[in-house]
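For reference, the structure discussed in these notes is given below.
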Amino acid sequence: LKLQFLYFIGLGMMQEPEDVSSIMAKLKSERNRKMGVAVILTLQVTAMVLTLRYSKTTTKYLSSTAVVCAEFVKILVCVMVLTFTHGMGIFQHLNQELLMKPKDMLLLAVPALLYLVQNNLLFFAMEKLDAAVYQVTYQLKILTTAICTVLMLDRRLTLQQWAALIMLTVGVSLAQLQPPSAAEDSDAGTSLSAQTAGIMALLVACFTSGFAGVYTEKLLKQTQTTLWIRNIQLAAWSVVAGFIGIYGTSDYETIKSKGFFDGYTNVVWVVVLLQACSGIVVALVIKIADNIVKNFSVAMSLLLATVISIPLFNFHPSHFFVVGAVLVLASVQMYSTSTNYFASFTTKLRPPKEDCSV
């Protein structure tokens with residue numbers, strides 16, 4: 001018995017370095033994947049923002065129609081990818097995953113409905129608040145996303161990570177802050193009750209944004225459905241929400257008089273394609289990484305697009321931009337160097353404890 005005990009102890013000691021090296025290799029691979037998709041999203045959103053700015057200076061079109069078109073293009077791209085994978089069995093696969101699973105479709109209706117509510121709340125807040133208060137307050141969605149991540153996904157964040165997220169929120173707010181114009185100064189006499197209503201609407205929009213994002217992340221990570229099917233489901237409900245949003249605004253009358261594609265040029269169609277691809281890449285980032293990494297990528301794309309816009313569009317950012325950019329870069333460094341990521345990763349790799357009770 002003593003020899004058997006010593007044998008198993010020695011065997012465990014010999015296997016321990018191999019287990020540690022295996023964990024470190026998986027950790028490095030995981031970090032590289034997350035970094036890779038984050039960089040792709042940053043470049044993708046940067047290209048989309050720059051193209052969007054250029055399109056707004058060359059033609060006039062309804063953004064609401066472009067959003068709906070982007071969702072249709074997203075569905076088309078996903079179907080093309082699935083066709084390449086399944087060949088002639090694509091129709092059977094779509095029937096099995098979409099029509100034969102109505103519960104899954106209903107689950108994806110939740111984020112689409114929340115985004116519809118969020119957009120209406122944002123329009124309401126725009127009417128009640130000045131641009132500076134709106135831009136700063138809306139960045140609280142970064143923190144609400146982190147709160148929803150902790151509550152809904154049972155994930156722990158260190159104090160360093162919370163500090164990085166707060167710094168990111170302040171940095172993005174400053175980077176987007178523009179000095180008020182004379183017209184905005186003259187409209188500064190909004191009543192206190194209207195401002196309170198606007199801030200409350202904006203706070204609710206921040207929480208709906210965080211909840212919808214983390215809810216989608218949970219569906220992407222905790223189910224066996226492929227990313228392409230999930231994108232089709234999300235896009236289908238987004239099309240419905242988009243048409244409802246158009247019908248409830250003045251855009252509906254414009255479409256009736258001028259047509260759905262009024263003002264569309266080749267540049268606008270490039271915007272539509274980039275928006276569709278951006279939606280797919282965002283889902284990929286959420287599945288491989290999380291919504292917090294997505295927020296950091298979007299913040300970096302904001303800085304990159306602003307810097308490129310200076311020579312390209314003769315854009316002059318405010319003096320707050322430099323301070324905001326420094327805070328965003330510092331927050332990225334602070335969050336990425338946190339040790340909590342290694343702890344959470346090793347916890348997932350560790351097998352569950354056996355029940356020793358008799």
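Every value quoted in this text rests on a predicted model; they were computed, and no experiment measured them.
Side-chain N or O atoms of Ser318 include one that pairs as donor or acceptor with a backbone N or O of Leu177 at under 3.5 Å. Lys287 places a side-chain N or O within 3.5 Å of a backbone atom of Leu220 that can act as its donor or acceptor partner. The main-chain N or O of Ile199 is never found under 3.5 Å from a side-chain atom of Tyr134 such that the two would form a donor-acceptor pair. Remark: the backbone N or O of Glu71 is not paired with any side-chain donor or acceptor of Ser238 at under 3.5 angstrom. A donor-acceptor distance shorter than 3.5 angstrom exists from the side chain of Asn231 to the backbone of Leu227, with no hydrogens or angles considered. Within the 3.5 Å criterion, the main-chain N or O of Thr42 finds no donor-acceptor partner in the side chain of Ser297. Side-chain N or O atoms of Ser278 include none that pairs as donor or acceptor with a backbone N or O of Val45 at under 3.5 Å. Between the side chain of Trp237 and the backbone N or O of Met105, at least one donor-acceptor pair lies under 3.5 Å. Between the Asp154 side chain and the Val150 main chain, no donor and acceptor come within less than 3.5 Å of each other.
Within 6.0 Å of CG on Leu99 lie more than 12 heavy atoms contributed by other residues, nucleotides or ligands. Under a cut-off of 6.0 angstrom, the local environment of OH in Tyr54 is sparse, with at most 12 non-hydrogen atoms contributed by other residues, nucleotides or ligands. Annotation for Met152: atom CE counts as buried by contact number, over 12 foreign heavy atoms lying within 6.0 Å. The number of heavy-atom neighbours closer than 6.0 Å to CG of Asn32, taken from other residues, nucleotides and ligands shown, is above 12. By the 6.0 Å contact criterion, NZ on Lys221 is enclosed, its count of non-hydrogen atoms from other residues, nucleotides or ligands being greater than 12. Annotation for Tyr215: atom OH counts as buried by contact number, over 12 foreign heavy atoms lying within 6.0 Å.
Between Leu274 and Ala47 the shortest heavy-atom distance is CD1-O, 3.8 Å. Across all their heavy atoms, Lys74 and Ala235 have their closest contact at CD-CB, 4.0 Å. Shown here for Cys277 and Gln44, the closest heavy-atom pair between the two residues is CB-NE2, 3.6 Å. Taking every heavy atom of both residues into account, Val268 and Gly263 meet most closely at CG2-O, 4.0 Å. Summarising the geometry of Thr144 relative to Cys206, their closest heavy-atom pair is OG1-O, 2.9 Å, with the distance given to 0.1 Å. The shortest heavy-atom contact between Cys78 and Ile232 is CB-CG1, 3.6 Å.
Side-chain N/O atoms of Thr223 and Arg230 include a donor and acceptor closer than 3.5 Å. With no hydrogens or angles considered, no side-chain donor-acceptor pair links Gln233 and Glu97 at under 3.5 Å. Between the side chains of Thr306 and Gln176, no donor N or O sits under 3.5 Å from an acceptor N or O. Judged purely by distance below 3.5 Å, without hydrogens or angles, the side chains of Asn291 and Thr145 never pair a donor atom with an acceptor atom. Residues Tyr115 and Ser209 bring no donor and acceptor atom of their side chains to less than 3.5 Å of each other.
To the nearest 0.5 Å, atoms CG (Leu165) and CG (Leu157) are separated by 6.5 Å. Expressed to the nearest 0.5 Å, how far CG of Leu94 lies from CH2 of Trp228 amounts to 13.5 Å. Separation of atoms CZ (Phe320) and CD (Gln135) is listed at 11.0 Å; rounding is to 0.5 Å. Note that CD of Gln139 and CG of Asn295 are 9.0 Å apart. Values are rounded to the nearest 0.5 Å. We find the OG1-CG distance between Thr249 and Leu62 to be 8.0 Å, quoted to the nearest 0.5 Å. The structure places NZ of Lys141 at 12.0 Å from CG of Leu143, a figure rounded to the nearest 0.5 Å.
For the ring pair (Phe, Tyr, Trp, His ring centres under 6.0 Å) with Tyr252, the lone residue among Phe243, Phe260, Tyr247 that qualifies is Tyr247.
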Derivation and outcome, side-chain hydrogen bond (donor to acceptor under 3.5 Å, both in side chains), residues Thr149 and Glu217: CA-CA 9 Å; Thr149 299; Glu217 178 182 343; 4.8 Å; no
Phe296 and Ser336: CA distance, side-chain angles, deciding distance, side-chain contact (heavy atoms from CB on, under 4.5 Å) verdict: CA-CA 10 Å; Phe296 275 101; Ser336 62; over 6 Å; no
From CA spacing to verdict: side-chain contact (heavy atoms from CB on, under 4.5 Å), Met300, Leu329: CA-CA 8 Å; Met300 290 299 297; Leu329 295 175; 3.6 Å; yes
Residue pair Arg155, Asp290: steps toward the salt bridge (charged side-chain N to carboxylate O under 4.0 Å, His left out) verdict: CA-CA 11 Å; Arg155 179 180 171 185; Asp290 51 47; 2.4 Å; yes
Evaluation steps, side-chain contact (heavy atoms from CB on, under 4.5 Å), between Met167 and Val328: CA-CA 7 Å; Met167 187 181 297; Val328 169; over 6 Å; no
Thr225 vs Leu219, side-chain contact (heavy atoms from CB on, under 4.5 Å): CA-CA, chis, key distance, verdict: CA-CA 9 Å; Thr225 306; Leu219 287 179; over 6 Å; no
Stepwise side-chain hydrogen bond (donor to acceptor under 3.5 Å, both in side chains) test for Tyr264 and Thr59: CA-CA 8 Å; Tyr264 273 56; Thr59 184; over 6 Å; no
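Taking the six-membered ring where the residue is Trp, the centroids of Trp269 and Phe261 are separated by under 6.0 Å.
A cation-pi arrangement is found for Lys56 relative to Tyr61, the charged atom lying closer than 6.0 Å to the ring centre and inside a 45° cone about the ring normal.
With a 4.5 Å cut-off on side-chain heavy atoms, Phe123 and Met126 count as touching. Annotation: side chain of Val49 is not in contact with side chain of Ser301 (no heavy-atom distance under 4.5 Å). Put simply, the side chain of Leu327 does not reach to within 4.5 Å of the side chain of Leu168, judged on heavy atoms. His316 places none of its side-chain heavy atoms less than 4.5 Å from the side chain of Ile310.
Applying the under-4.5 Å side-chain rule to Ile, Leu, Val, Met, Phe, Trp and Tyr, the cluster around Leu121 extends to Val117, Val204.
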